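Only one structure is covered here, and it is reproduced in the block below.
In the text below, chain A, chain B and the rest are named by the order of the sequence lines, each starting its count at 1. Being a predicted model, the structure only gives us computed values, none of them experimental.
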Amino acid sequence: MDLNAEQTRAAEFAGDDVLVLAGAGTGKTSTIVARVVHLTQSGVDPRRILLLTFTRRAAREMRHRLTQQIGSSAKTVPTGTFHNFCLQYLRRWPDLFECGSLTIIDRDDQLQLMKLARANVVGKDAAFPKSAELANYYSYARNTNRPVAEYLAEFTDHDEDGIKRISAVLQDYTKRKHECRYFDYDDILHLFARQLHRSRIVREKMQSRYDHILVDEMQDTNPLQWLILDGMRDPAKLFCVGDDAQSIYAFRGADFRNVHSFTERVSGAQVLKLEENYRSTQEILDLSNWLLDQSALGYDKHLRAARGPGIKPVMVELDGDFEEADWVASDLMQRHEEGDPWRDHMILTRSAWAARSVEAALIENDIPYRFIGGTQLLQSAHVKDLLSLLRVIDNPADQLAWMRYLTLWPRIGEKTAATTISKLLGMPNIKVISEFLTDQYRTNPRLAESIAECLTCWDRPSDVIGAATDKMTPLLEKKYDDWDRRSKDFKLLRRLALKHQSVGEFLETYTLDPITESEASNEDVDDLVTLITVHSAKGTEAPVCYLIGVQPGNYPHVRSIGDDEKEEEERRVLYVAMTRAQNELFLTGTRRSHGAYVPHHNRFYQSGGSNTQPYFLSDVPPELVQSDLDIDTDPFDAPITSFRG
DNA sequence: GTTACACATTTTTTT
DNA sequence: AATGTGTAAC
């Protein structure tokens with residue numbers, strides 16, 4: 001592996017703790033991998049090096065690169081996300097962490113439960129924050145490790161009474177969560193961190209477990225995660241890599257102080273920098289640098305391209321969503337015909353929703369793709385229906401799953417289901433419940449039969465899914481008019497389940513690390529165009545990148561307008577997006593900007609006029625980009641001119 | 001008192 | 001696509 005002087009210095013750092021400030025494309029992953037290699041070669045036990053990443057994809061990439069370097073011993077280096085890592089220990093030592101069996105719930109379930117709590121505490125009140133907002137408050141407060149009331153008073157406009165009512169809802173939510181033996185994402189980190197700081201035994205065990213802790217994407221860690229790192233370090237040494245210009249998770253409580261205040265918090269820590277960019281051409285970096293320079297915040301970042309000059313980024317303005325989608329699709333097809341593999345292309349989108357027209361164009365033109373950040377397999381309604389059956393067997397206290405499963409059947413609605421659930425909650429095990437249900441619903445014998453059928457093969461996840469599918473198909477066929485399309489997912493699910501030991505583990509894996517539908521179905525194809533949200537794209541790269549929806553209203557996103565900090569984060573989102581490109585960068589957008597109503601600001605923004613909607617690229621220097629407007633402008637009925645003259 | 005169904009509304013980013 | 005809402009039907 002070839003490293004430059006900066007990278008080598010970081011990889012072979014011999015002091016205690018270090019923060020590596022690594023700009024986009026400066027070989028961050030290579031450096032971390034080289035660090036692991038260096039450590040193992042100097043005699044450190046690979047099992048005593050902990051590698052924490054932000055996403056499962058980053059973890060996979062890291063392990064892959066590591067395997068290339070040191071072979072199979074790469075597998076012995078513990079690598080994973082914070083959530084993964086913490087959960088592993090909660091499972092290993094349930095007594096130490098004072099937690100028994102638990103079901104991890106995803107955001108959907110969290111919202112569902114919050115809705116119940118909200119209805120219970122405040123009833124119908126359209127003016128009261130919706131469940132999604134309440135869940136955000138709750139999560140944000142916990143990730144920043146502060147009391148909910150304090151957070152609400154400081155960061156929201158709610159009055160004292162409002163704060164009281166919100167706190168009451170959140171309390172009710174917490175109660176319900178315990179009742180159902182649920183754990184939400186934040187609980188995993190929270191419980192781990194709490195015990196780490198509260199219990200001496202846990203702390204001593206964890207502190208003696210690792211010699212080196214390597215953290216990727218440090219700028220995206222939040223105070224709760226910092227508590228975890230702080231509790232485990234010393235004597236373990238920290239090696240944290242990050243870039244404040246790429247911090248795009250403030251909405252989730254990410255705290256840039258974890259980077260800026262590193263040396264104050266960790267005494268004796270050193271700071272190293274990686275500044276040479278190996279990914280992109282200078283033209284791509286010029287535009288990216290310009291974007292950061294426009295900010296009032298001094299990022300003081302000027303990426304230099306080790307590769308030298310190339311092609312200028314191209315800005316394309318189209319008339320509408322469909323034209324934009326068509327343009328991207330036809331450009332892709334042209335390149336493919338000229339011999340470029342699909343996999344060299346990445347389409348980046350601000351939101352999953354904004355990608356729908358491009359996705360449609362890809363499907364229509366038979367362009368193979370995977371959508372990262374798109375609809376997740378386990379989140380689609382029909383899959384949730386099926387899994388609700390597995391969930392109630394796995395955890396009979398899972399009330400949300402019971403509600404979903406019971407109301408699937410004819411003549412059972414919310415009320416009937418609720419009555420049934422309150423009765424079955426006290427029952428000792430699923431067998432007793434199953435008998436009770438047989439008795440209760442004589443008109444729906446299949447309801448209980450399905451449970452019994454799944455129980456006969458409970459130790460073989462794939463067969464369980466097969467059994468559940470068989471029993472529930474008649475129901476679901478009726479419920480969904482596009483059943484043919486949906487039923488394919490169940491085959492896929494069965495295949496995925498083959499890789500798992502138990503149903504519980506199967507459910508948990510995909511709750512914590514959701515895979516997208518297209519990702520799962522294209523498992524074995526590898527020449528694909530990647531369609532991806534900017535947030536998911538961090539850490540990845542591609543020779544040719546298309547940023548779609550680059551237009552007012554998206555950058556900055558309308559919902560961030562009026563809040564300086566949020567707007568700045570939007571700038572960084574665009575910056576992250578641009579710096580993914582290696583050779584060619586296209587920025588496409590639609591010219592139709594209707595303006596937008598911004599609730600936060602209580603004001604209508606429009607293009608032109610006195611209150612213009614802010615847009616980062618409204619005055620991009622012309623010399624930095626190429627405007628590609630010479631799309632085929634021939635009128636459709638222009639007669640053909642013969643080449644014979 | 002419930003359930004079923006038609007119709008309207010709404011979409012930032014993620015572990 | 002998946003929720004929320006209102007009304008007819010059971």
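The side chain of Y185(A) approaches dT15(B) more closely than any other nucleotide in the set dT15(B), dT2(B), dT12(B). Side-chain proximity of H557(A) to dT13(B), dT3(B), dT12(B): nearest is dT12(B).
The base of dT13(B) sits within donor-acceptor range of the side chain of R350(A), with an N or O pair under 3.5 Å. Between the side chain of R559(A) and the base of dT12(B), no donor-acceptor pair of N or O atoms lies under 3.5 Å. Within 3.5 Å, no donor on the side chain of R411(A) pairs with an acceptor on the base of dT3(B), nor the reverse.
Each of S131(A) and D482(A) lies near DNA chain C, and the nucleotide nearest D482(A) is the one positioned closer to the 5' end. Toward the 5′ end of DNA chain B lies the nearest nucleotide of T416(A), the other residue of the pair I248(A) and T416(A) mapping further downstream. Comparing K415(A) and L189(A) by the nucleotide of DNA chain B that holds the closest heavy atom to each, the one mapping nearer the 5' end is K415(A).
Following rounding to the nearest Å, K538(A) (NZ) and dT15(B) (P) show an atom-to-atom distance of 11 Å. For the pair D108(A) CG and dT15(B) C1', the computed distance is 14 Å after rounding to whole Å. Rounded to a whole Å, the CE atom of M403(A) is 9 Å from the P atom of dT3(B). Regarding E217(A), its CD atom lies at a distance of 14 Å from the P atom of dT14(B), rounded to whole Å. Protein atom CD of Q379(A) is 10 Å distant from nucleotide atom P of dT14(B), rounded to whole Å. For the pair K130(A) NZ and dT10(B) C1', the computed distance is 12 Å after rounding to whole Å. Counting to the nearest Å, the P atom of dT14(B) and the OH atom of Y510(A) are 19 Å from each other. Atom-to-atom, CZ of R107(A) to C1' of dT12(B) comes out at 11 Å; the value is rounded to the nearest Å.
For T55(A), no side-chain nitrogen or oxygen approaches OP1 or OP2 of dT14(B) to under 4.0 Å.
Nucleic acid contact for A352(A): sugar-phosphate only, since backbone atoms but no base atoms lie under 4.0 Å from a heavy atom of the residue. Residue K478(A) is out of contact with every strand shown, counting any heavy-atom pair closer than 4.0 Å. Nucleic acid contact class of R57(A) (heavy atoms, under 4.0 Å, all strands): none. If you check every strand for non-hydrogen atoms under 4.0 Å, Y249(A) touches sugar and phosphate atoms only. Across all strands, I412(A) comes closer than 4.0 Å only to sugar-phosphate atoms, never to a base (heavy-atom distances). Residue E414(A) is classed as a sugar-phosphate contact, given heavy-atom separations below 4.0 Å to backbone atoms only.
The aromatic ring of W353(A) is not stacked on the base of dT12(B), since the criterion of ring centres less than 5.5 Å apart with planes inclined by under 30° is not met.
Cation-pi contact between R92(A) and Y89(A): present, with separation from the ring centre below 6.0 Å and deviation from the ring axis of at most 45°. Figure legend: R404(A) and W402(A) shown without cation-pi pairing, the cationic atom not lying both under 6.0 angstrom from the six-membered ring centre and within 45 degrees of its axis. In this structure, R146(A) is not positioned above the aromatic face of Y151(A) in the sense of NZ or CZ being under 6.0 Å from the six-membered ring centre and within 45° of the axis. Both the sub-6.0 Å distance and the 45° axial angle are not jointly satisfied by R176(A) relative to the ring of Y173(A).
Below 30°, between 30° and 60°, or above 60°: for W483(A) and F490(A) the angle between ring planes is between 30° and 60°, a tilted geometry.
Ring centroids of Y249(A) and F54(A) are separated by less than 6.0 Å, placing the two rings close together. Between H83(A) and F192(A), a ring centre-to-centre spacing not shorter than 6.0 Å is recorded. F616(A) and Y555(A) have their aromatic ring centers separated by at least 6.0 angstrom.
First and last contacts of DNA chain C with chain A, using any nucleotide atom under 4.0 Å from a protein heavy atom and ordered 5' to 3', fall at dA2(C) to dG4(C).
Salt-bridge annotation for R571(A) and E568(A): present, with a side-chain N of the basic residue lying under 4.0 Å from a carboxylate O of the acidic one.
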